[in-house]
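Taking it in order: structure first as structure tokens, then the write-up.
Only a predicted model underlies this, so the values are computations on that prediction, with no experimental measurement involved. Chain letters run A, B, ... following the sequence lines, proteins first and then strands; every chain starts at 1.
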2 protein chains.
Amino acid sequence: MRRMTARPANAHQARLLKLLRDGGPSSRAQLGDRVDLSRSKLAVEVDRLLETGLVVADGLAASRGGRRSHNVRLAPGLRFLGVDIGATSVDVAVTNAELEVLGHLNQPMDVREGPVAVFEQVLAMAAKLRASGIAEGYDGAGIGVPGPVRFPEGVPVAPPIMPGWDGFPVREALSQELGCPVMVDNDVNLMAMGEQHAGVARSVGDFLCIKIGTGIGCGIVVGGEVHRGTTGSAGDIGHIQAVPDGRPCACGNRGCLEAHFSGAALARDALEAAQQGRSSELATRLEANGRLTAVDVAAAAAAGDPTALDLIRQGGTRTGQVIAGLVSFFNPGLVVIGGGVTGLGHTLLAAIRTQVYRQSLPLATGNLPIVLGELGPKAGVIGAARLISDHLFSPA
Amino acid sequence: MRRMTARPANAHQARLLKLLRDGGPSSRAQLGDRVDLSRSKLAVEVDRLLETGLVVADGLAASRGGRRSHNVRLAPGLRFLGVDIGATSVDVAVTNAELEVLGHLNQPMDVREGPVAVFEQVLAMAAKLRASGIAEGYDGAGIGVPGPVRFPEGVPVAPPIMPGWDGFPVREALSQELGCPVMVDNDVNLMAMGEQHAGVARSVGDFLCIKIGTGIGCGIVVGGEVHRGTTGSAGDIGHIQAVPDGRPCACGNRGCLEAHFSGAALARDALEAAQQGRSSELATRLEANGRLTAVDVAAAAAAGDPTALDLIRQGGTRTGQVIAGLVSFFNPGLVVIGGGVTGLGHTLLAAIRTQVYRQSLPLATGNLPIVLGELGPKAGVIGAARLISDHLFSPA
DNA sequence: CTGCTACGTTCCCCTCGAAACCAAATCGGC
DNA sequence: GCCGATTTGGTTTCGAGGGGAACGTAGCAG
């Protein structure tokens, strides 16, 4: 099929496209309720969108006591690619224009293999999804990388855990390969956008989204918009000091949060506990798999292993200490916990909550929900799709 | 004279008023360069503003090679009152419409005496300024209080250091007394607005403004706008844990930044040092005045007293630790240090800088100026005047 | 006096919003 | 079951408002 060529001609059309994306098929009347336009102007702009093909008629809606309305919807053939590059795995998904996930693949992969190898993988996965029949092509792609990004250019800058990517023109390269527009952002920001679009953070203006995976980061949403900071490194909380004179960290300092709690730190701690004979549960799993990850700790904790539970609680407490500071500072309306360690579930959440509620000001915590993300691994790819759709659904 | 009765009728007029406020007297052509309006529309709106009396003709400008332009300016008789209520003193200033300070008074006062007593004081100071002839009346007033504020209503909420103020209708009460519109905000936010308007933070979109006075707080500016948080307590960093299991704090926790460094903590430490005979310089000053404040420590440090220098350095290091975390999280383009302890000057600044540059990520600190505010005690009152002018120069 | 430049105003056309108007469905009464 | 009242959705008409360009005006330089 023909790929998306048109772009909204003005802010009104952009607004309408986003309403159709977020609200699904709608009548002109429904659109009119949500946008500040006269009915005549609205009709004109909808007609123009129909002409471009971005929007198509979608039949008559059921009557609600009067004349039935003619629904319109976004072109059903539009397809966005959402890519979430983690430290140790890649997620690729295809969505329609309403950002519903039509297909989703995950593959282990080491980001340190560099952009060329990773892109090969991503392109193969995108091709596989296309081959499965859910997409005839891609109208745009969003991609998240585990490090700071110079957002306007779509280029990673000084990413600690993916040194080979520094300055690599991710946006340009991927756009060339895929033949469609591409936007790049930090993976944590995309997770925040995902939970904002389709998860627990719907209708919350200011919130924090803590992603605990191999590393640890924080998406910051202010007034509905992602805050990226002056150099694109906002939310990089992994190297905030959690323990004075604590463990040495790869960054050169001591006591960084990430050195004390993260997927990587947890795996190290679990290994140590197993080898020192402090946990038979973990030792068994080590013997079975030859290595230990956060998943093993989660399983051991679920089986009631006290050492595993302790590791999780301690990590949660450390994380909670840092979050408590951020909550006092930022006064968010919601804190979302997500990322690979969500499997640790409510043990982790409870430890974090306890610490935050104890340490932050009552005024800031009084009405502050601290919850797990509800989209899991889909948050990142949905956020990525949302990123590119926000871009494409804006005036050219 | 007649007080300001008119308000801008639309967003264009609001924009023009703000341009005249920030840029001083201007010609229609100059305004046209800074606003996206046709020359015809611009002329119409300027004429309407002239009719309302908010704007007046200001003679002809010098020629720049062609026809001379007719300047316009904001009504010269407009007067704003800026009030900055600190924990231990009150600042009151009068500005013209361009927010230039025409008169400024400061008086010691304990905020814990409650709103009624403080208001009496403030009104007396406002009357004194008016009596001096610089104002015939006030067109609006901005007021800063040292605690969280429910911004839309202008009411303090659960302020720790001013318990008698909780829920007191500051905005309404003051508006009644002064007979003009009033806006209320946290004092730290106003300091940030002041430095943004007329100080070091001009033209910086994202910055932090750390105010170290009796307590310690932080104004957060995102995209040029003050971030107040969900419950108005954003920036309340005084109770972030700086020292695990550190000193007990009035808030019930231990190791809060404010318990280890602030005007109050510094005075306590200085007293202890003097009494323990660790500093003859401080002991002399204690004997002379019967008490010690941050000013004494500054003087002792200036005289080379090692204990005083040590106290400042240690405080700066503690503060720097917390700021380092905030910088990693927020990635600002500038950090401004202000408040009562600015007298400690570069000793303090150096300690803060050292700590932040050591602990934060290079990407976040690489191009990050950390500077002292340049407006001193005027920052708060200018910010207050700016707050009310922003309000009055917006469509009703 | 004659260009030249900059400033301000006038005129025309297009856009947009509000309201009247037209169309299509349900509901209720007989 | 028919018919009008009611409700909801969509279209047309009309007038105010705003942008662009042409035009008029005021100062400077030679």
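When all heavy atoms are compared, the tightest approach of B:L334 to B:V200 is CD2-O, 3.8 Å. The minimum heavy-atom distance between B:A379 and B:E195, with the atom names listed, is CB-OE2, 3.9 Å.
Bracketed by its first and final contacts, the part of DNA chain D lying under 4.0 Å from non-hydrogen atoms of chain A reaches from D:dT7 to D:dT12 in 5' to 3' order. Here chain B contacts DNA chain C (any atom closer than 4.0 Å to a heavy atom, that is under 4.0 Å), and the contacts span C:dT5 to C:dT10 from 5' to 3'.
For A:H391, the side chain to side chain contact (heavy atoms under 4.5 Å, CB included) criterion is met by A:R7, A:R171, A:M183, A:I388, not counting sequence neighbours. Residues passing the ring-ring contact (aromatic ring centres under 6.0 Å, His included) test with A:H227, sequence neighbours excluded: B:F330.
If you check residues 33-48 of chain A against DNA chain D, the residues with a heavy atom closer than 4.0 Å are A:R39, A:S40, listed by number.
Figure legend: B:R79 and B:Y138 shown without cation-pi pairing, the cationic atom not lying both under 6.0 angstrom from the six-membered ring centre and within 45 degrees of its axis.
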Anything under 3.5 Å between a donor and an acceptor, one on a side chain of residues 97-104 of chain A, the other on a protein residue two or more places apart or in another chain? List them.
from: A:E100; atom 1: OE1; to: A:N96; atom 2: ND2; distance (Å): 2.8
from: A:H104; atom 1: NE2; to: A:D91; atom 2: OD1; distance (Å): 2.8

### Message
Before you tell me yes or no, could you show the steps for A:I220 and A:V226 under side chain to side chain contact (heavy atoms under 4.5 Å, CB included), namely the whole-Å CA-CA distance, both residues' side-chain angles and the distance that decides it to 0.1 Å?
### Response
CA-CA 6 Å; A:I220 307 168; A:V226 171; over 6 Å; no
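In this structure, B:N71 contributes its side chain and B:A57 its backbone to no donor-acceptor pair below 3.5 Å.
Between B:V72 and B:P25 there is no side-chain heavy-atom pair separated by less than 4.5 Å.
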